[in-house]
Amino acid sequence: MTAREIYEKRLPKARLWTGDLDIEPDALEQIRQVSELPILAGPVAVMPDVHLGKGATVGTVIPTRAAIVPAAVGVDIGCGMLAVRTDLAASDLPQTLERVRAQIERDVPVGFEFHRDPLEPEGGEGTRLERRMKDLESRYRKLRILSRLGRFDEARMWRQLGSLGGGNHFIELCLDTEGGVWILLHSGSRNVGKTIGETAMEMAKRVAREVDRDLPNRDLAWLDEGSPEFEAYVEALTWAQEYAALNRDLMLNLVHRALEKALGRRVRFVGEATNCHHNYARLEEHFGERVWVTRKGAVSARAGELGIIPGSMGARSFIVRGKGNAASYCSCSHGAGRVMSRSRAKKLFTREDLAAQTAGIECRKDAAVIDEIPAAYKDIDRVMAAQSDLVEVVATLKQVLCVKG
């Protein structure tokens, strides 16, 4: 019996795209708990990058009827990827990319850093980006969830637009198989998304206590459609997802300018950028019914839709086109997925291990990023093989430069 067959017997209410990849016992239990919620509108779809998360596993697609589980969406609302090809070829890059990385790190705040003042985007896209910033600001004042947020630094929220954050967020320069240079980046809604997510989770738990809701895990508390709490959350959720997408577009603007400054030449984009969420919820139609689909570490992969599946900082990444597989709610994985916790990675590996596994890549190789070492992630090629019926590969990328938070 294969690994997948074993897991399918243990998870009769889930559909698995895990191939021969292992699922950790704690993650199996999380999937089982989610798959038995009474609000589900169908089987949970489990992606090949699945691993333990808070409330629900990362790498899971959860369809719900007239309800959303805020913890399943998570705290990095709208976290996702952006990719765009430039008109540069590998031969246009200098032998060492240290100067390019330094320029990007000067222009894009990373980790807990943020801009001194709100951004004023430059170039041809500047006007459109500024218009989106103003639209977000005007709508923010009307969010019904504001009264529930408690103390919150609004000024920092606007200065965090166009910043990377930490953890597994990154900015990369990559080469495709034809030697074309791509900009690839990964980030989300920064502190405002975290605050909205945490507030909604507490709202859901309070509602569960008030109605004496029987839950296998307190983190799986949900909000019911039509309730004031649900309406306030969905409004803020939609807003935070737009904030996250704008954050990535603003970072692209900054990285684009940084690349031009470092290379001393004009850089143009070839085609449109792909900007996709992988931590979010939205109303969709599946099997003839309108349901809420929560993708926690998963990407929409409707027929013909472009998406991005990154590997670790030492592996390949992929631009993919969705096949519209209905059984997966038209979804695919969001990356490689971790095989171990950050704390365990720091105990197992050294700076020398990190340097060896990222050889040839211009990136940080210090102790603070050991938890992002490639060996802490699943083999991206096995992950891709397990979802061949969900997506087709459009472009294969290999990073030559990586900026981490």
Side-chain angles (χ1 to χ4, degrees), residues 2-8 10-11 14 16-34 44-61 74 76 79 81 166-170 172 186 278-279 295-299 308-318 320 331-359 361 363-365 367-388 390-391 397-399 402 404-405:
T2 66
R4 177 174 170 178
E5 289 171 336
I6 293 171
Y7 296 140
E8 285 176 339
R10 295 182 62 181
L11 300 169
L16 276 62
W17 278 267
T18 51
D20 62 351
L21 293 160
D22 289 330
I23 305 176
E24 59 202 302
D26 288 345
L28 277 171
E29 177 59 18
Q30 276 193 330
I31 297 167
R32 186 194 66 77
Q33 290 178 356
V34 170
V44 173
V46 182
M47 299 294 104
D49 58 340
V50 66
H51 60 278
L52 188 68
K54 182 172 177 58
T57 47
V58 179
T60 309
V61 185
D76 198 358
C79 182
M81 300 289 305
N168 61 355
H169 294 160
F170 62 79
E172 291 182 344
H186 171 209
H278 54 224
N279 276 6
R295 293 185 176 91
K296 186 181 179 77
V299 177
I308 307 163
I309 304 177
S312 67
M313 62 191 285
R316 299 186 296 169
S317 296
F318 301 90
V320 297
S331 307
C332 66
S333 85
H334 84 310
R338 297 190 71 90
V339 293
M340 67 183 71
S341 67
R342 295 183 182 279
S343 58
R344 180 164 174 74
K346 288 179 178 179
K347 291 177 182 177
L348 283 181
F349 300 105
T350 66
R351 291 177 60 185
E352 289 71 26
D353 295 325
L354 179 63
Q357 293 184 32
T358 58
I361 302 169
C363 65
R364 289 174 58 187
K365 303 178 192 287
V369 293
I370 286 177
D371 55 341
E372 283 294 297
I373 192 169
Y377 287 83
K378 296 180 183 180
D379 183 333
I380 189 64
D381 291 323
R382 293 174 66 193
V383 168
M384 295 303 295
Q387 58 186 326
S388 60
L390 304 183
V391 293
L397 311 180
K398 183 67 176 71
Q399 70 272 83
C402 179
K404 299 291 291 187

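Given the structure is predicted, the values throughout are model-derived calculations rather than measurements.
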Partners of [X] by salt bridge (charged side-chain N to carboxylate O under 4.0 Å, His left out), sequence neighbours excluded?
X: Lys404; answer: Glu372
X: Asp381; answer: Arg316
X: Lys54; answer: Asp219
X: Glu24; answer: none

Would you say [X] and [Y] make side-chain contact, with heavy atoms under 4.5 Å?
X: Met384; Y: Val320; value: yes
X: Met81; Y: Pro310; value: yes
X: Ile23; Y: Thr57; value: no
X: Ile308; Y: Val299; value: no
X: Gln30; Y: Thr60; value: no
X: Phe170; Y: Gln399; value: no

request  = With sequence neighbours left out, write down each residue that passes ring pair (Phe, Tyr, Trp, His ring centres under 6.0 Å) with His334, or none if nothing qualifies.
outcome  = His278
query = Taking only residues two or more places apart in sequence, or in another chain, which ones meet Phe318 in a ring pair (Phe, Tyr, Trp, His ring centres under 6.0 Å)?
reply = none
Checking [X] now: which residues fulfil side chain to side chain contact (heavy atoms under 4.5 Å, CB included) with it, not counting sequence neighbours?
X: Asp22; answer: Tyr7
X: Ala385; answer: none
X: Ala315; answer: Ser312, Ile380
X: Ala45; answer: Trp17, Met47, Val61, Tyr329

Is a donor on one side and an acceptor on the other found under 3.5 Å between the side chain of [X] and the backbone of [Y]?
X: Ser317; Y: Gly311; answer: yes
X: Lys378; Y: Gly335; answer: no
X: Asn279; Y: Lys296; answer: no

inquiry  = Asp20 vs Thr2, test: side chain to side chain contact (heavy atoms under 4.5 Å, CB included). Steps then yes/no.
reply    = CA-CA 7 Å; Asp20 62 351; Thr2 66; over 6 Å; no
Looking only at heavy atoms, which two atoms of [X] and [Y] are closest? And how far apart?
X: Met313; Y: Cys402; answer: CB-SG, 4.1 Å
X: Leu354; Y: Val369; answer: CD2-CG2, 3.7 Å
X: Arg338; Y: Met340; answer: NE-O, 2.9 Å
X: Lys365; Y: Ala359; answer: NZ-N, 4.4 Å
X: Ala56; Y: Val34; answer: CB-CG2, 4.0 Å
X: Ala27; Y: His51; answer: CB-C, 4.2 Å

query = Are more than 12 heavy atoms from other residues, nucleotides or ligands located less than 6.0 Å from atom CZ of Arg344?
reply = no
Set of residues satisfying side chain to side chain donor-acceptor pair (under 3.5 Å) with respect to Thr350, sequence neighbours excluded = Glu352, Asp353
query = By side chain to side chain donor-acceptor pair (under 3.5 Å), which residues pair with Arg32, not counting sequence neighbours?
reply = Glu29, Glu36
inquiry  = So, taking the atom named CD1 in Ile6 and the one named CG in Leu11, what distance separates them when rounded to the nearest 0.5 Å?
reply    = 12.0 Å
request  = Report the C-alpha distance between Arg351 and Ile370 in whole Å, list the side-chain angles of each, state the deciding distance to 0.1 Å, and finish with yes or no for side chain to side chain contact (heavy atoms under 4.5 Å, CB included).
outcome  = CA-CA 7 Å; Arg351 291 177 60 185; Ile370 286 177; 4.0 Å; yes
query = Can you check side chain to side chain contact (heavy atoms under 4.5 Å, CB included) on Lys398 and Ile361, steps first, answer last?
reply = CA-CA 10 Å; Lys398 183 67 176 71; Ile361 302 169; 3.7 Å; yes
